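Report on the structure given below.
What's counted below: heavy atoms across the whole structure, side chains too, no hydrogens, waters or symmetry copies. Since we're looking at a predicted model, the values are computed, not measured.
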Amino acid sequence: MDRIKRAFKNLSIKKTFMLYMLLFLLLAAVLSSISINFAGKVRNNINLSYADSSSRVNLENSKGQILIAIPPADYTSKDKVIINICGFVEIWSIPVFFGICIILSALLFYRNKLKKPIEILNEASEKIAGSNLDFHISCDSKDEMGRLCSSFEIMRASLEENNRVMWRSMEERKRLNSVFSHDLRTPLTVIRGYSDFLKNYLPQGKVSEEKLISTVSVMSGQIARMEKYVQMMSEVQRLEDISVSMENVDISFFLEQIKNTVEVLAGSHELKINFINEIPKQEICMDSAIVSRVLENLIANAVRYAENRISICSEYSNGKLTVRVSDDGKGFTDEDLKQAVKPYYRNQSDSGEFHFGLGLYICRILCEKHKGCILIENDESGGASVTASFLCYMEH
(Lines give C-alpha, C1' and ligand atoms only; values in the text may rest on other atoms or scores of the structure.)
Protein backbone atom coordinates (compact mmCIF):
# COMPACT_ATOMS: atom_id res chain seq x y z
CA MET A 1 0.00 0.00 0.00
CA ASP A 2 2.81 2.39 0.86
CA ARG A 3 4.46 1.62 -2.45
CA ILE A 4 1.23 2.43 -4.29
CA LYS A 5 0.89 5.71 -2.37
CA ARG A 6 4.48 6.70 -3.19
CA ALA A 7 4.00 5.80 -6.86
CA PHE A 8 0.80 7.85 -6.98
CA LYS A 9 2.48 10.79 -5.21
CA ASN A 10 5.38 10.72 -7.68
CA LEU A 11 3.09 10.48 -10.71
CA SER A 12 3.35 13.46 -13.06
CA ILE A 13 0.77 16.26 -12.83
CA LYS A 14 -0.58 15.51 -16.30
CA LYS A 15 -1.06 11.80 -15.60
CA THR A 16 -2.50 12.48 -12.15
CA PHE A 17 -5.03 14.95 -13.56
CA MET A 18 -6.07 12.50 -16.28
CA LEU A 19 -6.43 9.71 -13.69
CA TYR A 20 -8.58 11.87 -11.42
CA MET A 21 -10.81 12.91 -14.31
CA LEU A 22 -11.17 9.34 -15.59
CA LEU A 23 -12.12 7.96 -12.17
CA PHE A 24 -14.63 10.70 -11.43
CA LEU A 25 -16.16 10.59 -14.91
CA LEU A 26 -16.64 6.84 -14.48
CA LEU A 27 -18.19 7.54 -11.08
CA ALA A 28 -20.48 10.15 -12.66
CA ALA A 29 -21.52 7.70 -15.38
CA VAL A 30 -22.29 4.97 -12.82
CA LEU A 31 -24.26 7.32 -10.55
CA SER A 32 -26.19 8.75 -13.52
CA SER A 33 -27.05 5.27 -14.79
CA ILE A 34 -28.18 4.11 -11.35
CA SER A 35 -30.27 7.26 -10.86
CA ILE A 36 -31.94 7.05 -14.29
CA ASN A 37 -32.73 3.35 -13.91
CA PHE A 38 -34.10 3.85 -10.41
CA ALA A 39 -36.28 6.81 -11.52
CA GLY A 40 -37.55 4.78 -14.51
CA LYS A 41 -38.47 1.84 -12.29
CA VAL A 42 -40.29 4.09 -9.82
CA ARG A 43 -42.27 5.75 -12.62
CA ASN A 44 -43.08 2.35 -14.20
CA ASN A 45 -44.33 1.02 -10.91
CA ILE A 46 -46.60 4.02 -10.49
CA ASN A 47 -47.90 3.71 -14.07
CA LEU A 48 -48.48 -0.02 -13.68
CA SER A 49 -50.48 0.61 -10.54
CA TYR A 50 -52.88 2.76 -12.61
CA ALA A 51 -53.23 0.30 -15.52
CA ASP A 52 -56.33 -1.97 -15.52
CA SER A 53 -55.89 -5.71 -15.34
CA SER A 54 -56.87 -6.38 -18.98
CA SER A 55 -54.32 -3.96 -20.39
CA ARG A 56 -51.70 -5.40 -18.06
CA VAL A 57 -52.42 -8.93 -19.30
CA ASN A 58 -52.28 -7.84 -22.92
CA LEU A 59 -48.96 -6.17 -22.26
CA GLU A 60 -47.59 -9.23 -20.60
CA ASN A 61 -48.82 -11.59 -23.28
CA SER A 62 -47.65 -9.51 -26.24
CA LYS A 63 -44.02 -9.12 -25.16
CA GLY A 64 -43.55 -11.69 -22.48
CA GLN A 65 -42.76 -8.98 -19.96
CA ILE A 66 -44.43 -6.09 -18.16
CA LEU A 67 -44.13 -2.86 -20.14
CA ILE A 68 -45.01 0.68 -19.11
CA ALA A 69 -48.78 0.87 -19.11
CA ILE A 70 -50.55 3.94 -20.42
CA PRO A 71 -51.28 6.02 -17.31
CA PRO A 72 -54.76 7.31 -16.64
CA ALA A 73 -55.52 10.96 -17.13
CA ASP A 74 -55.50 11.71 -13.40
CA TYR A 75 -52.87 10.86 -10.75
CA THR A 76 -53.05 11.50 -7.09
CA SER A 77 -51.19 14.60 -5.97
CA LYS A 78 -48.51 12.48 -4.32
CA ASP A 79 -47.94 10.40 -7.44
CA LYS A 80 -47.80 13.54 -9.59
CA VAL A 81 -44.95 14.85 -7.44
CA ILE A 82 -43.11 11.54 -7.66
CA ILE A 83 -43.62 11.37 -11.44
CA ASN A 84 -42.23 14.93 -11.83
CA ILE A 85 -39.25 14.11 -9.64
CA CYS A 86 -38.52 10.99 -11.68
CA GLY A 87 -38.70 13.03 -14.88
CA PHE A 88 -36.32 15.62 -13.46
CA VAL A 89 -33.87 12.90 -12.38
CA GLU A 90 -33.94 11.27 -15.81
CA ILE A 91 -33.27 14.59 -17.57
CA TRP A 92 -30.77 16.27 -15.21
CA SER A 93 -28.92 13.40 -13.51
CA ILE A 94 -26.26 13.22 -16.25
CA PRO A 95 -25.21 16.94 -16.25
CA VAL A 96 -25.57 17.24 -12.47
CA PHE A 97 -23.50 14.17 -11.60
CA PHE A 98 -20.89 14.90 -14.25
CA GLY A 99 -20.64 18.53 -13.12
CA ILE A 100 -20.32 17.57 -9.44
CA CYS A 101 -17.74 14.87 -10.18
CA ILE A 102 -15.64 17.22 -12.33
CA ILE A 103 -15.66 19.83 -9.55
CA LEU A 104 -14.75 17.19 -6.94
CA SER A 105 -11.94 15.82 -9.10
CA ALA A 106 -10.51 19.33 -9.55
CA LEU A 107 -10.73 20.07 -5.81
CA LEU A 108 -9.14 16.76 -4.81
CA PHE A 109 -6.45 17.14 -7.48
CA TYR A 110 -5.58 20.61 -6.17
CA ARG A 111 -5.61 19.50 -2.53
CA ASN A 112 -3.53 16.36 -3.02
CA LYS A 113 -1.18 17.52 -5.77
CA LEU A 114 -0.79 21.30 -5.80
CA LYS A 115 -1.81 22.83 -2.47
CA LYS A 116 1.17 21.80 -0.33
CA PRO A 117 3.93 22.66 -2.90
CA ILE A 118 2.28 26.02 -3.66
CA GLU A 119 2.14 26.84 0.06
CA ILE A 120 5.80 25.81 0.45
CA LEU A 121 6.90 27.97 -2.50
CA ASN A 122 4.77 30.92 -1.37
CA GLU A 123 6.21 30.79 2.14
CA ALA A 124 9.74 30.48 0.75
CA SER A 125 9.17 33.47 -1.56
CA GLU A 126 8.00 35.60 1.35
CA LYS A 127 11.07 34.65 3.41
CA ILE A 128 13.45 35.38 0.55
CA ALA A 129 11.71 38.72 -0.07
CA GLY A 130 12.30 39.49 3.61
CA SER A 131 16.05 38.70 3.22
CA ASN A 132 15.69 35.54 5.30
CA LEU A 133 17.66 32.70 3.73
CA ASP A 134 18.15 30.60 6.86
CA PHE A 135 15.62 27.88 6.02
CA HIS A 136 15.27 24.81 3.83
CA ILE A 137 12.68 23.85 1.23
CA SER A 138 11.60 20.21 1.34
CA CYS A 139 8.95 18.43 -0.74
CA ASP A 140 8.71 14.62 -0.61
CA SER A 141 7.14 14.16 -4.07
CA LYS A 142 9.13 13.70 -7.27
CA ASP A 143 6.62 15.14 -9.71
CA GLU A 144 6.91 18.49 -11.48
CA MET A 145 6.02 20.43 -8.33
CA GLY A 146 8.53 18.42 -6.29
CA ARG A 147 11.24 19.15 -8.84
CA LEU A 148 10.22 22.82 -8.81
CA CYS A 149 10.64 22.88 -5.02
CA SER A 150 14.05 21.22 -5.39
CA SER A 151 15.07 23.86 -7.95
CA PHE A 152 13.83 26.56 -5.58
CA GLU A 153 15.94 25.05 -2.79
CA ILE A 154 19.01 25.08 -5.06
CA MET A 155 18.32 28.74 -5.85
CA ARG A 156 17.91 29.54 -2.13
CA ALA A 157 21.15 27.75 -1.26
CA SER A 158 22.96 29.60 -4.03
CA LEU A 159 21.59 32.93 -2.81
CA GLU A 160 22.62 32.08 0.75
CA GLU A 161 26.14 31.18 -0.36
CA ASN A 162 26.43 34.33 -2.48
CA ASN A 163 25.16 36.36 0.45
CA ARG A 164 27.70 34.75 2.75
CA VAL A 165 30.52 35.41 0.29
CA MET A 166 29.36 39.01 -0.17
CA TRP A 167 29.22 39.67 3.57
CA ARG A 168 32.60 38.04 4.09
CA SER A 169 34.02 40.15 1.28
CA MET A 170 32.54 43.30 2.81
CA GLU A 171 33.94 42.44 6.24
CA GLU A 172 37.36 41.71 4.79
CA ARG A 173 37.24 44.93 2.81
CA LYS A 174 36.46 46.86 6.00
CA ARG A 175 39.34 45.13 7.75
CA LEU A 176 41.65 45.81 4.83
CA ASN A 177 40.77 49.49 4.83
CA SER A 178 41.17 49.70 8.58
CA VAL A 179 44.57 48.02 8.56
CA PHE A 180 45.61 49.98 5.47
CA SER A 181 44.90 53.33 7.13
CA HIS A 182 46.56 52.18 10.35
CA ASP A 183 49.73 50.95 8.66
CA LEU A 184 50.07 54.06 6.52
CA ARG A 185 50.00 56.22 9.62
CA THR A 186 53.54 55.22 10.68
CA PRO A 187 55.43 56.14 7.47
CA LEU A 188 53.32 59.29 7.11
CA THR A 189 54.20 60.31 10.68
CA VAL A 190 57.90 59.68 10.03
CA ILE A 191 57.88 61.66 6.78
CA ARG A 192 55.96 64.52 8.37
CA GLY A 193 58.34 64.63 11.35
CA TYR A 194 61.45 64.73 9.17
CA SER A 195 59.90 67.26 6.78
CA ASP A 196 59.09 69.55 9.74
CA PHE A 197 62.63 69.05 10.99
CA LEU A 198 64.11 70.07 7.62
CA LYS A 199 61.67 72.97 7.29
CA ASN A 200 62.63 74.38 10.66
CA TYR A 201 66.39 73.81 10.73
CA LEU A 202 67.59 73.60 7.13
CA PRO A 203 67.07 77.35 6.37
CA GLN A 204 69.08 78.20 9.49
CA GLY A 205 71.99 76.05 8.38
CA LYS A 206 71.75 73.89 11.50
CA VAL A 207 71.58 70.60 9.55
CA SER A 208 74.86 69.01 8.58
CA GLU A 209 75.32 67.42 5.21
CA GLU A 210 75.62 64.00 6.81
CA LYS A 211 72.39 64.51 8.78
CA LEU A 212 70.64 65.82 5.67
CA ILE A 213 71.63 62.79 3.63
CA SER A 214 70.55 60.47 6.47
CA THR A 215 67.19 62.24 6.80
CA VAL A 216 66.50 62.19 3.08
CA SER A 217 67.46 58.50 2.99
CA VAL A 218 65.01 57.65 5.76
CA MET A 219 62.25 59.64 4.06
CA SER A 220 62.99 57.95 0.75
CA GLY A 221 62.77 54.54 2.43
CA GLN A 222 59.43 55.41 3.99
CA ILE A 223 58.11 56.67 0.64
CA ALA A 224 59.24 53.43 -1.04
CA ARG A 225 57.46 51.49 1.71
CA MET A 226 54.26 53.47 1.09
CA GLU A 227 54.49 52.89 -2.66
CA LYS A 228 54.92 49.16 -2.14
CA TYR A 229 52.07 49.12 0.35
CA VAL A 230 49.70 50.97 -1.99
CA GLN A 231 50.70 48.63 -4.82
CA MET A 232 49.89 45.57 -2.69
CA MET A 233 46.60 47.10 -1.60
CA SER A 234 45.67 47.75 -5.22
CA GLU A 235 46.57 44.17 -6.10
CA VAL A 236 44.32 42.83 -3.33
CA GLN A 237 41.42 44.96 -4.55
CA ARG A 238 41.87 43.58 -8.08
CA LEU A 239 41.59 39.98 -6.87
CA GLU A 240 37.80 40.25 -6.98
CA ASP A 241 37.91 40.94 -10.73
CA ILE A 242 40.05 37.92 -11.58
CA SER A 243 38.16 35.29 -13.60
CA VAL A 244 39.22 31.67 -14.02
CA SER A 245 40.16 30.73 -17.58
CA MET A 246 40.36 26.95 -17.93
CA GLU A 247 42.62 25.45 -20.57
CA ASN A 248 44.37 22.16 -21.24
CA VAL A 249 47.87 22.22 -19.78
CA ASP A 250 50.66 19.69 -20.24
CA ILE A 251 51.17 18.91 -16.57
CA SER A 252 54.73 17.56 -16.96
CA PHE A 253 55.83 20.72 -18.77
CA PHE A 254 54.02 22.91 -16.22
CA LEU A 255 55.66 21.19 -13.26
CA GLU A 256 59.04 21.44 -14.96
CA GLN A 257 58.58 25.21 -15.10
CA ILE A 258 57.66 25.25 -11.40
CA LYS A 259 60.77 23.22 -10.67
CA ASN A 260 62.91 25.76 -12.51
CA THR A 261 61.26 28.55 -10.51
CA VAL A 262 62.12 26.74 -7.26
CA GLU A 263 65.75 26.37 -8.29
CA VAL A 264 65.98 30.07 -9.14
CA LEU A 265 64.37 31.21 -5.88
CA ALA A 266 66.40 28.83 -3.75
CA GLY A 267 69.66 29.23 -5.66
CA SER A 268 71.24 31.80 -3.36
CA HIS A 269 70.07 30.04 -0.17
CA GLU A 270 71.85 26.71 -0.78
CA LEU A 271 68.73 24.71 0.03
CA LYS A 272 68.11 21.07 -0.83
CA ILE A 273 65.07 20.71 -3.12
CA ASN A 274 62.90 17.58 -2.97
CA PHE A 275 60.50 17.67 -5.91
CA ILE A 276 57.89 14.84 -6.03
CA ASN A 277 55.47 14.48 -8.94
CA GLU A 278 52.79 11.80 -8.47
CA ILE A 279 50.69 12.93 -11.45
CA PRO A 280 50.71 10.78 -14.63
CA LYS A 281 52.00 12.44 -17.79
CA GLN A 282 48.67 13.73 -19.01
CA GLU A 283 46.92 17.01 -19.65
CA ILE A 284 44.95 18.78 -16.93
CA CYS A 285 42.34 21.45 -17.59
CA MET A 286 43.07 24.38 -15.26
CA ASP A 287 44.00 28.05 -15.09
CA SER A 288 47.79 27.81 -15.24
CA ALA A 289 48.28 31.52 -14.40
CA ILE A 290 46.36 31.24 -11.10
CA VAL A 291 48.01 27.95 -10.12
CA SER A 292 51.49 29.30 -10.97
CA ARG A 293 50.93 32.45 -8.96
CA VAL A 294 49.84 30.50 -5.89
CA LEU A 295 52.72 28.03 -6.09
CA GLU A 296 55.32 30.75 -6.65
CA ASN A 297 54.04 32.57 -3.57
CA LEU A 298 54.12 29.42 -1.43
CA ILE A 299 57.58 28.50 -2.68
CA ALA A 300 58.86 32.03 -1.96
CA ASN A 301 57.57 31.73 1.61
CA ALA A 302 59.17 28.30 2.01
CA VAL A 303 62.52 29.60 0.73
CA ARG A 304 62.28 32.50 3.14
CA TYR A 305 61.77 30.36 6.26
CA ALA A 306 63.55 27.10 5.35
CA GLU A 307 66.85 26.20 6.97
CA ASN A 308 68.17 23.35 4.82
CA ARG A 309 65.49 21.86 2.61
CA ILE A 310 62.21 22.39 0.75
CA SER A 311 59.78 19.70 -0.39
CA ILE A 312 57.15 20.12 -3.15
CA CYS A 313 54.73 17.23 -3.71
CA SER A 314 52.03 17.33 -6.41
CA GLU A 315 49.20 14.86 -7.01
CA TYR A 316 45.82 14.60 -8.74
CA SER A 317 42.83 12.87 -7.16
CA ASN A 318 39.02 13.11 -7.36
CA GLY A 319 39.09 16.03 -9.77
CA LYS A 320 41.51 18.11 -7.70
CA LEU A 321 45.11 19.12 -8.29
CA THR A 322 46.90 19.28 -4.94
CA VAL A 323 50.37 20.73 -4.34
CA ARG A 324 52.00 20.53 -0.92
CA VAL A 325 54.94 22.85 -0.12
CA SER A 326 56.83 22.22 3.11
CA ASP A 327 60.08 23.35 4.69
CA ASP A 328 62.24 22.52 7.70
CA GLY A 329 61.97 25.94 9.34
CA LYS A 330 60.51 26.81 12.72
CA GLY A 331 56.95 26.13 11.55
CA PHE A 332 53.71 27.87 12.44
CA THR A 333 52.77 29.00 15.92
CA ASP A 334 49.27 28.32 17.25
CA GLU A 335 48.36 31.91 16.46
CA ASP A 336 49.76 31.53 12.93
CA LEU A 337 47.56 28.50 12.29
CA LYS A 338 44.48 30.57 13.19
CA GLN A 339 45.36 33.86 11.52
CA ALA A 340 47.93 33.25 8.76
CA VAL A 341 45.47 33.26 5.83
CA LYS A 342 43.86 36.51 6.96
CA PRO A 343 44.97 39.79 5.36
CA TYR A 344 47.84 41.78 6.88
CA TYR A 345 48.64 39.15 9.50
CA ARG A 346 52.29 39.18 10.49
CA ASN A 347 54.11 37.03 13.02
CA GLN A 348 55.60 38.96 15.93
CA SER A 349 59.08 37.75 14.97
CA ASP A 350 58.64 38.83 11.32
CA SER A 351 60.26 42.22 10.95
CA GLY A 352 60.65 42.35 7.18
CA GLU A 353 60.35 45.94 5.99
CA PHE A 354 58.34 45.10 2.91
CA HIS A 355 56.45 42.10 4.27
CA PHE A 356 52.80 43.05 4.65
CA GLY A 357 51.19 39.70 5.53
CA LEU A 358 49.26 39.37 2.25
CA GLY A 359 50.93 36.35 0.65
CA LEU A 360 48.84 33.53 2.14
CA TYR A 361 45.71 35.68 1.99
CA ILE A 362 46.19 36.17 -1.78
CA CYS A 363 46.84 32.42 -2.16
CA ARG A 364 43.61 31.66 -0.30
CA ILE A 365 41.56 33.98 -2.50
CA LEU A 366 43.06 32.56 -5.70
CA CYS A 367 42.49 28.97 -4.56
CA GLU A 368 38.86 29.78 -3.78
CA LYS A 369 38.51 31.37 -7.23
CA HIS A 370 39.64 28.01 -8.64
CA LYS A 371 37.05 26.18 -6.46
CA GLY A 372 39.78 24.90 -4.17
CA CYS A 373 41.21 25.79 -0.78
CA ILE A 374 44.43 26.25 1.15
CA LEU A 375 45.47 24.34 4.27
CA ILE A 376 48.29 25.37 6.61
CA GLU A 377 49.77 23.03 9.20
CA ASN A 378 53.03 21.96 10.77
CA ASP A 379 54.89 19.07 9.17
CA GLU A 380 55.33 15.91 11.22
CA SER A 381 59.09 16.13 10.84
CA GLY A 382 59.11 19.82 11.81
CA GLY A 383 58.68 22.97 9.81
CA ALA A 384 55.70 24.49 8.05
CA SER A 385 53.52 22.81 5.44
CA VAL A 386 51.03 24.55 3.13
CA THR A 387 48.71 22.58 0.82
CA ALA A 388 46.93 24.29 -2.08
CA SER A 389 44.16 22.52 -4.00
CA PHE A 390 42.47 23.46 -7.28
CA LEU A 391 39.37 21.98 -8.91
CA CYS A 392 40.47 20.66 -12.33
CA TYR A 393 39.80 17.74 -14.58
CA MET A 394 42.22 15.46 -16.36
CA GLU A 395 42.26 14.81 -20.09
CA HIS A 396 42.72 11.13 -20.96
Side-chain angles (χ1 to χ4, degrees), residues 1-125 138-152:
M1 182 62 69
D2 291 338
R3 183 178 296 179
I4 295 175
K5 287 182 178 180
R6 286 197 301 270
F8 182 76
K9 183 178 291 186
N10 297 331
L11 202 62
S12 68
I13 291 177
K14 179 181 178 181
K15 292 180 180 179
T16 305
F17 180 75
M18 292 175 64
L19 184 59
Y20 268 100
M21 291 301 296
L22 178 61
L23 292 176
F24 277 89
L25 288 177
L26 288 175
L27 177 62
V30 171
L31 293 176
S32 299
S33 177
I34 292 173
S35 300
I36 291 173
N37 289 334
F38 180 76
K41 287 181 180 180
V42 170
R43 186 172 58 184
N44 283 347
N45 289 335
I46 293 175
N47 289 339
L48 287 173
S49 67
Y50 282 88
D52 55 18
S53 59
S54 59
S55 62
R56 183 183 303 177
V57 171
N58 290 335
L59 290 170
E60 290 176 348
N61 291 336
S62 62
K63 298 292 183 181
Q65 59 183 349
I66 298 176
L67 300 178
I68 299 175
I70 300 174
D74 296 323
Y75 289 102
T76 63
S77 58
K78 180 180 179 181
D79 289 339
K80 283 183 178 180
V81 172
I82 295 174
I83 290 292
N84 290 332
I85 293 175
C86 290
F88 179 85
V89 169
E90 289 177 330
I91 295 172
W92 292 101
S93 60
I94 292 178
V96 169
F97 278 117
F98 273 80
I100 292 174
C101 286
I102 288 174
I103 293 173
L104 286 176
S105 69
L107 291 175
L108 287 175
F109 172 78
Y110 173 78
R111 190 193 71 176
N112 297 333
K113 205 68 176 175
L114 301 179
K115 184 179 179 180
K116 183 178 178 181
I118 290 176
E119 289 177 348
I120 291 174
L121 293 175
N122 186 51
E123 182 181 358
S125 300
S138 176
C139 186
D140 54 0
S141 67
K142 297 181 180 179
D143 58 3
E144 292 88 339
M145 296 301 293
R147 291 195 295 272
L148 180 60
C149 289
S150 298
S151 300
F152 216 84

dist Ile36:CD1 -> Leu31:CG (nearest 0.5 Å) comes out at 11.0 Å

Greater than 12 external heavy atoms within 6.0 Å of Phe98's CZ
yes

- Should Phe88 and Asn84 count as side-chain neighbours, where that means a heavy-atom distance under 4.5 Å? no

Rounded to the nearest 0.5 angstrom, the NZ-SG distance for Lys41 and Cys86 is 12.5 Å

(message) Counting C-beta onward and ignoring hydrogens, is there a side-chain heavy-atom pair between Asn112 and Tyr20 closer than 4.5 Å?
(response) yes

Note: Ile120 and Cys149 closest approach over all heavy atoms is CG2-SG, 4.5 Å

When every non-hydrogen atom of Leu148 is compared with those of Leu121, the smallest separation belongs to CD2-CD1, 3.5 Å

Main-chain N/O of Ile118 paired to Asn122 side chain as donor or acceptor, under 3.5 Å
no

When every non-hydrogen atom of Ser93 is compared with those of Ser32, the smallest separation belongs to O-OG, 3.4 Å

In terms of heavy-atom contacts, Met21 and Ser105 come closest through SD-OG, 3.2 Å

Looking only at heavy atoms, the pair that brings Arg147 and Lys142 closest together is NH1-O, 3.1 Å

I'd like to check Ile13 versus Phe109 (side-chain heavy atoms, cut-off strictly below 4.5 Å). Are they in contact? yes

The side chain to side chain contact (heavy atoms under 4.5 Å, CB included) partner of Asp143 among Lys113, Lys14, Lys15 is Lys113

| message | Tell me if a side-chain donor or acceptor on Ser33 pairs with a main-chain N or O of Ala29 at a distance below 3.5 Å. | response | no

dist Ile46:CD1 -> Lys80:NZ (nearest 0.5 Å) comes out at 13.0 Å

(request) Could you check Val89 against Phe38 for side-chain contact (heavy atoms from CB on, under 4.5 Å), going step by step and ending with a plain yes or no? (result) CA-CA 9 Å; Val89 169; Phe38 180 76; over 6 Å; no

To the nearest 0.5 Å, atom CG of Leu27 lies from atom CD1 of Ile100 at 10.5 Å

